[in-house]
Number of protein chains: 2
Amino acid sequence: MDERQVLEHYLKERGLKMTKARLLILEAFLGMESHVTAERLYEAVHKLDDGIGQATVFRNIRLFTDAGLAREACRDDGPRQYEHAWRHAHHDHLSCIQCGAVIEFVDGAIETAQQAVYKKYGYVPSGHRMELFGLCPDCAARHNSPQT
Amino acid sequence: MDERQVLEHYLKERGLKMTKARLLILEAFLGMESHVTAERLYEAVHKLDDGIGQATVFRNIRLFTDAGLAREACRDDGPRQYEHAWRHAHHDHLSCIQCGAVIEFVDGAIETAQQAVYKKYGYVPSGHRMELFGLCPDCAARHNSPQT
DNA sequence: ATTGATATTGATAATGATTATCAATATACT
DNA sequence: AGTATATTGATAATCATTATCAATATCAAT
């Protein structure tokens, strides 16, 4: 089942309709790297069809999120960011506070420890969000041996 | 060194000034529980002195953050939330997606595992943010045995 | 294919949170 | 006290997002 089929299934299930705009936005989204803002997605869509409005992009990326095709990425501030969610496993983020580089990782020990926390407090897990901040190797090197 | 002294030191260090409003906002902030929005802080301040404007509260809670007295709490959406940071150790959050209850916790295993991730990618740690989502015991019980 | 009920769209206004602007005032050195 | 300047309150501006609404597109049933 590919993304388009997932969407069609989701739409049919609740009496919603497939449209040209909707499909175009989906394809644009799938063609972009992860961590896309609605604004950047709009720009990409606009290049393919300049008749599509901004509100429609906002509406649909949100719909994709409900349909399980997109997921809101952790953001410190600024506009909401979306990443691909269909057949893209859960992962956490490691971001450089200097240059903004982002590494996606999955760590078994962390996942295990999180389950233990859930159990300790009697919570039923439904998801989590984690972002580590730091200096990437390049920025750290530049930081320790400045040109001065 | 109490919070007020920390602030005074921070201000002097950079040629800033202590003011009546600033001190009042600090005291109001310290008197409130953690996870305060600027709006709620403004309401509290307004009760003590209705001459203090909203912008001033926004400006100062931000200043407190820079001074190390406050810290932005993880928020999923909505207005920014602040928590006490002076002599309040780092912790992570476990939130109920149903009722919004928040548990603050520190887990050694998670902290250790995070250090390992930093090392693996050669990053220099500077901080992190983690929020676990789930159903709290009460909500989970209600969920599993509905009144129906 | 035509119809009809209704979901969707684009344009734009509205919202909510936060920041910028600016003249008047308060503060802290001397 | 005098003076330079940081701060303030009021308000306008901004940014991301959502709501409104009349016109249009979609889809299931004919």
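Naming: A, B, ... by sequence-line order, numbering from 1 per chain.
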* **Pairs touching residues 124-141 of chain B that satisfy salt bridge (Lys or Arg N to Asp or Glu O under 4.0 Å), sequence neighbours left out** =>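 As it turns out, the salt bridge (Lys or Arg N to Asp or Glu O under 4.0 Å) pairs with a partner in residues 124-141 of chain B, which skip direct neighbours, are D76(A)-R129(B).
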* Keeping to residues at least two apart or across chains, list the salt bridge (Lys or Arg N to Asp or Glu O under 4.0 Å) pairs with something in residues 26-53 of chain B. =>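 Matches after skipping sequence neighbours: E33(B)-R40(B).
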* **Criterion side chain to side chain contact (heavy atoms under 4.5 Å, CB included) against W86(A), the qualifying member of L7(A), L69(A), L30(A)** =>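 The option that passes is L69(A).
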* Asked: Strictly under 6.0 Å, is that where the ring centroids of H93(B) and H35(B) end up?
  ->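 Yes: the rings meet the under 6.0 Å criterion.
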* By nearest nucleotide on DNA chain C, pick out whichever of T19(B) and T37(B) is the more 5' one. =>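 Counting from the 5' end, the first nearest nucleotide belongs to T37(B).
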What is the separation between atom [atom1] on [X] and atom [atom2] on [N], rounded to the nearest whole Å?
{"X": "R40(A)", "N": "dC15(D)", "atom1": "CZ", "atom2": "P", "answer": "17 Å"}
{"X": "L11(A)", "N": "dA28(D)", "atom1": "CG", "atom2": "C1'", "answer": "15 Å"}
{"X": "E39(A)", "N": "dT18(D)", "atom1": "CD", "atom2": "P", "answer": "14 Å"}
{"X": "R80(B)", "N": "dC15(D)", "atom1": "CZ", "atom2": "P", "answer": "15 Å"}

* Pair E104(A), H88(A): side-chain N/O donor-acceptor within cut-off below 3.5 Å ->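 No, no side-chain donor-acceptor contact under 3.5 Å.
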* **Donor-acceptor pair between H84(A) and E3(A) side chains, under 3.5 angstrom** =>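 The criterion, which ignores hydrogens and geometry beyond distance, is not satisfied for E3(A) and H84(A).
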What protein N or O atoms touch nucleotides 2-6 of chain D N or O atoms at under 3.5 angstrom, if any, and at what distances?
unit_1 : atom_1 : unit_2 : atom_2 : d
dT5(D) : O2     : K17(B) : NZ     : 2.8
dA6(D) : O4'    : K17(B) : NZ     : 3.3

* ring pair (Phe, Tyr, Trp, His ring centres under 6.0 Å) with H9(B): which residues, sequence neighbours excluded? ->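 Partners of H9(B) under the ring pair (Phe, Tyr, Trp, His ring centres under 6.0 Å) test: none.
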* Measure the acute angle between the ring planes of Y42(B) and H46(B), then classify it against the limits of 30° and 60° as parallel, tilted or perpendicular. =>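 Ring orientation, 0 to 90° scale: tilted.
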* According to the interplanar angle, ranging from 0 to 90°, do the rings of Y121(A) and F105(B) count as parallel (below 30°), tilted (30 to 60°) or perpendicular (above 60°)? ->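 Answer is tilted, since the angle falls between 30° and 60°.
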* What are the two closest non-hydrogen atoms of A67(A) and V6(A), and how far apart are they? ->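 Smallest interatomic distance, heavy atoms only, reads O-CG1, 3.9 Å.
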* Charged N to carboxylate O under 4.0 angstrom, R4(B) versus E8(B)? ->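 Judged by the 4.0 Å cut-off on N to carboxylate O distance, R4(B) and E8(B) do form a salt bridge.
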* **Terminal contacting nucleotides, 5' and 3', DNA chain C versus chain B (heavy atom, 4.0 Å)** =>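 Result: dA17(C) to dA28(C).
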* To do: Look at all strands and tell whether D50(A) reaches a base, only sugar-phosphate, or nothing, counting heavy atoms closer than 4.0 Å.
  =>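 Nothing: the residue D50(A), judged by heavy atoms under 4.0 Å, touches no strand.
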* Five-pair end axes of the helix from dA1(C)-dT30(D) to dT30(C)-dA1(D) and the angle they enclose, rounded to 10° ->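 One end's axis against the other's: 40°.
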